[in-house]
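Structure first, commentary second.
Sequence lines set the chain letters: A, B, ... in the order given, protein chains first and strands last, and positions in each chain run from 1. The analysis underlying the following values was restricted to heavy atoms, covering all of them including side chains, and did not include hydrogens, waters or symmetry mates.
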Number of protein chains: 2
Amino acid sequence: MSNCPRVLVVDDEASIRKFLRVSLSGHGYRVLEASTGAEALACARQERPDLVVLDVGLPDLEGFEVVEQLRRWSAVPVLMLSVRGAEQDKIRALDAGADDYLTKPFGLGELLARVRAALRRAASGPGGEPVRQLGDLRIDLAAHRVFREDREVGLTPREFDLLRVLLQHAGRVLTHRQILEQAWGPEYGHETHLLRVNVSNLRRKIEPDPVRPTFILTEPGVGYRLGGS
Amino acid sequence: MSNCPRVLVVDDEASIRKFLRVSLSGHGYRVLEASTGAEALACARQERPDLVVLDVGLPDLEGFEVVEQLRRWSAVPVLMLSVRGAEQDKIRALDAGADDYLTKPFGLGELLARVRAALRRAASGPGGEPVRQLGDLRIDLAAHRVFREDREVGLTPREFDLLRVLLQHAGRVLTHRQILEQAWGPEYGHETHLLRVNVSNLRRKIEPDPVRPTFILTEPGVGYRLGGS
DNA sequence: CGAGTTCTTGACACGGGCTTGACCCCCAAA
DNA sequence: TTTGGGGGTCAAGCCCGTGTCAAGAACTCG
């Protein structure tokens with residue numbers, strides 16, 4: 001669960017933090033917490049959360065100021081909460097840089113929906129590409145590019161498909177059939193020779209020493225496993 | 001003021017359209033109007049507004065469906081309006097792809113603030129400044145002009161659409177289908193031949209050496225990618 | 001209505017990727 | 001030692017994806 005979105009919850013009331021923590025973590029988010037504005041800024045800088053849920057009323061800084069400071073260096077989506085429904089507050093928060101504004105009391109469903117919307121928007125933006133690193137191997141799934149030691153290696157479409165399937169289950173053993181069905185198609189389940197040839201070609205391109213593979217490991221009689229980490 | 005943000009207002013009640021038109025145009029926005037879902041989709045496709053303000057209750061399509069169809073080929077921010085404040089409606093709208101949801105009656109100030117927030121977010125995302133530079137290629141999206149080494153190259157409308165789509169996702173691979181749906185329209189998803197011809201023509205105009213492209217890169221079996229770095 | 005441009009469609013050449021087959025090694029069992 | 005199976009490598013040929021040219025259709029503007 002290391003690639004679940006990380007949400008920073010900022011509120012000075014422990015009870016609300018708890019409510020948000022339970023609600024969000026129960027829906028697959030990893031929750032970070034802060035109770036003051038200064039703490040929130042420090043945490044955001046250090047942990048780089050994917051979303052910030054920020055209460056307007058904080059002991060040290062106004063929520064507005066927190067957003068303004070945050071916006072100087074970060075584009076993380078910010079969802080502000082407040083007991084005050086006054087229009088002026090909403091306007092001020094949004095113009096300070098918040099992405100959304102929710103007035104208490106609010107429904108949990110709406111909160112979660114707005115969280116989803118904010119994350120979806122951020123994911124489709126510039127920083128949304130999942131680029132994964134395995135040892136000195138860097139794989140940019142969105143750009144369809146693979147680098148080893150900062151040198152790009154050109155993979156054919158099939159080779160890339162194969163690598164992607166292995167990557168999606170990195171560390172686990174995949175049977176020949178599983179790999180073939182996912183990378184080629186359901187009707188290719190028995191074409192193990194295809195797999196052997198492509199694994200060989202792929203190893204020649206990404207392994208430092210293809211004879212002694214460190215990434216694509218053979219699991220004799222079963223299949224392959226992407227190792228390294 | 002040809003580079004003011006263009007907002008598409010969709011509502012079947014003329015009085016509300018008028019209210020929104022006056023309010024928005026009074027604050028520096030150019031306003032387009034539609035009274036049905038079908039009209040809205042057609043207008044969005046043709047005019048490419050910067051923001052859509054969409055009422056949930058429409059005579060032909062539900063607002064939710066409009067968003068869903070729109071999201072198949074466009075990332076334009078959508079702000080939904082409704083007289084219904086039920087949480088289920090909000091959740092449904094946001095999950096359908098809307099960026100924000102506002103319950104009538106709402107304050108004009110809040111509406112404008114949420115419009116500003118949505119536009120700010122979109123502007124900071126892909127496509128930031130209206131004029132972008134890639135190597136010795138300069139593209140002015142607002143003015144529909146393209147320069148290479150300070151010499152203007154004349155692109156046809158289609159060629160410009162194609163370039164714009166690639167530019168909005170610069171660096172990432174776009175599948176043939178994605179490009180076709182965004183540059184031609186949702187029903188052109190399979191016309192890959194159109195894409196090949198236009199890519200070829202575009203390359204001849206903007207690539208220093210069309211045989212060895214540096215901007216529009218082919219990702220065999222997948223699609224194209226606008227390179228640079 | 002006509003001239004120019006743009007868009008679409010079709011035909012075709014080329015190159016590279018995919019598949020296939022042959023042959024190798026290694027290891028374990030007979 | 002022989003034999004068979006699993007796995008790996010190499011090379012060749014087919015096929016498909018891609019790029020290009022050109023002509024007809026559709027559109028735009030004077």
List the atom pairs, with distances to 0.1 Å, where a side-chain N or O of residues 12-20 of chain B and a protein N or O form a donor-acceptor pair under 3.5 Å, not counting sequence neighbours.
from, atom 1, to, atom 2, distance (Å)
B/R17, NE, B/E33, OE1, 3.0
B/R17, NH1, B/D11, O, 2.8

Tell me: [atom1] of [X] to [atom2] of [N], nearest whole Å?
| X | N | atom1 | atom2 | answer |
| --- | --- | --- | --- | --- |
| B/R212 | D/dT20 | CZ | P | 12 Å |
| B/L202 | D/dT18 | CG | C1' | 16 Å |
| B/L162 | D/dG19 | CG | P | 12 Å |
| A/I179 | D/dG7 | CD1 | C1' | 14 Å |
| B/I216 | D/dT20 | CD1 | C1' | 15 Å |
| A/L195 | D/dT9 | CG | P | 13 Å |

Residue-phosphate contact under 4.0 Å: A/T218 side-chain N/O, D/dG7 OP1/OP2 = no
Any B/R203 side-chain nitrogen or oxygen under 4.0 Å from OP1 or OP2 of D/dT20 = no
Sequence neighbours excluded - side-chain hydrogen bond (donor to acceptor under 3.5 Å, both in side chains) pairs with any residue from residues 76-96 of chain B = A/E110-B/K90, A/R116-B/D95, B/S82-B/Y101, B/R84-B/D89
Considering heavy-atom distances to DNA chain D, does B/E219 or A/R204 have its closest nucleotide positioned more toward the 5' end?
-> A/R204
What does A/Y224 touch in the nucleic acid at a heavy-atom separation under 4.0 angstrom: a base, only the sugar-phosphate, or nothing?
-> sugar-phosphate
Which is true for A/T192 with a 4.0 Å heavy-atom rule: it touches a base, it touches only sugar-phosphate, or it touches nothing?
-> nothing
Please collect all ring pair (Phe, Tyr, Trp, His ring centres under 6.0 Å) contacts where either partner lies in residues 52-78 of chain B, sequence neighbours excluded, each pair once.
-> none
Verify the neighbour count for atom CD of B/Q46: are there more than 12 heavy atoms of other residues, nucleotides or ligands below 6.0 Å?
-> no
Apply ring-ring contact (aromatic ring centres under 6.0 Å, His included) to B/H144 and list each qualifying residue two or more places apart in sequence or on a separate chain.
-> B/F160
Taking only residues two or more places apart in sequence, or in another chain, which ones meet A/Y224 in a ring-ring contact (aromatic ring centres under 6.0 Å, His included)?
-> A/H176
Indicate yes or no for a side-chain donor-acceptor contact from A/R6 to the backbone of A/L32 under 3.5 Å, with no hydrogens or angles considered.
-> no
Look for any protein N or O under 3.5 Å of an N or O in nucleotides 15-17 of chain D and output each such pair with its distance, or none.
none

Residues forming a salt bridge (Lys or Arg N to Asp or Glu O under 4.0 Å) with B/D55, sequence neighbours excluded | B/K104
Apply side chain to side chain donor-acceptor pair (under 3.5 Å) to A/E152 and list each qualifying residue two or more places apart in sequence or on a separate chain.
-> A/R145
All N/O contacts under 3.5 Å from nucleotides 18-27 of chain C to the protein, with atom names and distances to one decimal?
from, atom 1, to, atom 2, distance (Å)
C/dC18, OP1, A/R158, N, 3.0
C/dC18, OP2, A/T156, OG1, 2.7
C/dC18, O3', A/R158, NH1, 3.4
C/dT19, OP1, A/R158, NH1, 3.0
C/dT19, OP2, A/W184, NE1, 3.1
C/dG21, N7, A/H193, NE2, 3.2
C/dG21, O6, A/H193, NE2, 3.2

